[in-house]
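What follows is a single structure, written as structure tokens, with notes after it.
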Amino acid sequence: MTITESQVRRWLSAVTPQGEPADLVSGGRLEWVSLLEGSIDLKLHLPSVAEDPKAMEAIAGACLEAVRQGAVRAGERLASLRVNFVDHAGHVIRSSAFQASPKGALRPVQPVAASEKPAAQDAPAMPSIGHAIAVGAGKGGVGKSTVAVNIAVGLARRGHAVGLLDGDIYGPSLPTLMGLQAMDPNVLDGRFQPFMAHGVKAMTIGKLVEAEKPLIWRGPMAHGAFKQLTEKTNWGDLDRLIIDLPPGTGDVPLTMTQQLKLSGAVIVCTPQRVAQDDAVRAAKMFEQLGVDILGVVENMSVFIAPDGTEYDIFGRGGAQQMAQRLGLPYLGALPLTMDLRANSDNGEPLLNFKSDTPPGRRLALALDELLNNLESQLALASVRQNTPTLTIH
Ligand code: ADP
């Protein structure tokens, strides 16, 4: 047996926040329940406490208690609970997560305190860049570069000044995904000029070396090339810089992550168990480096055929489940579609936001939701990172 949505609703009907005329459920304040094998995600819309973190914390605690007691009565295992407070547009404004310890006790998942953050946070901040966001994956081929490109183009469509840096030094795919093949690199005053494509400023090693030449650099050479690409590109003022990291958790992605002052990282994962195991390793790498994890994206979640029929090829929900198990935010799922594959191969990412076919509409909606969640998590990370921590000697 596993916990059901109606059980969660019943348990939460015991919670009436102070000042509310009714309980969360009958008052319509519980907007969304997501469940996966004992991991529960809630969305609450409570405008009266939107400005009051203490009140939100108290409500999250009351939800935890109600759900915990309900699960005990029903003999069900509660693996984790995340209580998201959303605004009228559905954007997350605060989120409290609790996770079961091996002995079953539920503990709050704490962000790493700023004072404990090592290496990466000591890296130099890049000038005039609002937020630098790394996109990583535990292994290659899960669609990390595709996700990075669509995040960059999607944020640019929303009016942000966006840069996209191809850190995948050994297998740069931006020239293809962004359609840069016909463009020539330009150097001005000793600095690389980024390629302007689809509203994004892009830079990739793939345009600075011969396309077919394998890049057999050893670690230090790869790090040096990445450092130069980052620092010697004339980015200008950017609101967001998206960095497509090399896959895996080896020396190269690790050192690159340390070279940047990141606002956070996004982890891309496909639903299968093997991909999840690798993604867990990527999450641990970012945690160890003191980098905030903005969330997990499930790519190739479900195949949508041209007629709109859905096929669960890889077992939809696997990455979401992994995120919930680790107490990480879940940013959403992108479907596997033939259009997305073709638009990527043809270097036309903007078409992913505009298609009118059944899979195309679903993809556009999924991208929109992913961007909403990412922006919410970025806002939360900014608050966390700018919150001073008390050190008592
Ligand atoms: P990675 O960066 O993880 O190695 P890529 O982003 O280069 O992976 O994607 C590998 C291939 O899979 C590319 O050809 C890409 O177009 C395709 N692909 C990735 N995600 C999807 C998707 N959701 N639907 C269709 N094709 C996809």
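Read the numbers this way: they start at 1 and go in the same order the structure lists the ligands and their atoms.
- Scored by the side-chain contact (heavy atoms from CB on, under 4.5 Å) test, Arg341 finds Asp345 as partners (sequence neighbours excluded).
- Salt bridge absent: Lys54 and Glu57 never bring a charged side-chain N and a carboxylate O closer than 4.0 Å.
- Between Asp23 and Ser26, the side chains place a donor N or O and an acceptor N or O closer than 3.5 Å (distance only, hydrogens not considered).
- In terms of the side chain to side chain donor-acceptor pair (under 3.5 Å) criterion, Asp239 has no residue partners (sequence neighbours excluded).
- Around ligand 1 you find Gly140, Gly141, Val142, Gly143, Lys144, Ser145, Thr146, Asn299, Met300, Pro335, Leu336, Thr337, Leu340, Arg341, Ser344, Asp345, each with a heavy-atom distance below 4.0 Å.
- With no hydrogens or angles considered, a side-chain donor-acceptor pair links Gln193 and Asn234 at under 3.5 Å.
- With sequence neighbours excluded, the residues forming a side-chain contact (heavy atoms from CB on, under 4.5 Å) with Pro359 are Ile304, Thr337, Thr357, listed by chain and number.
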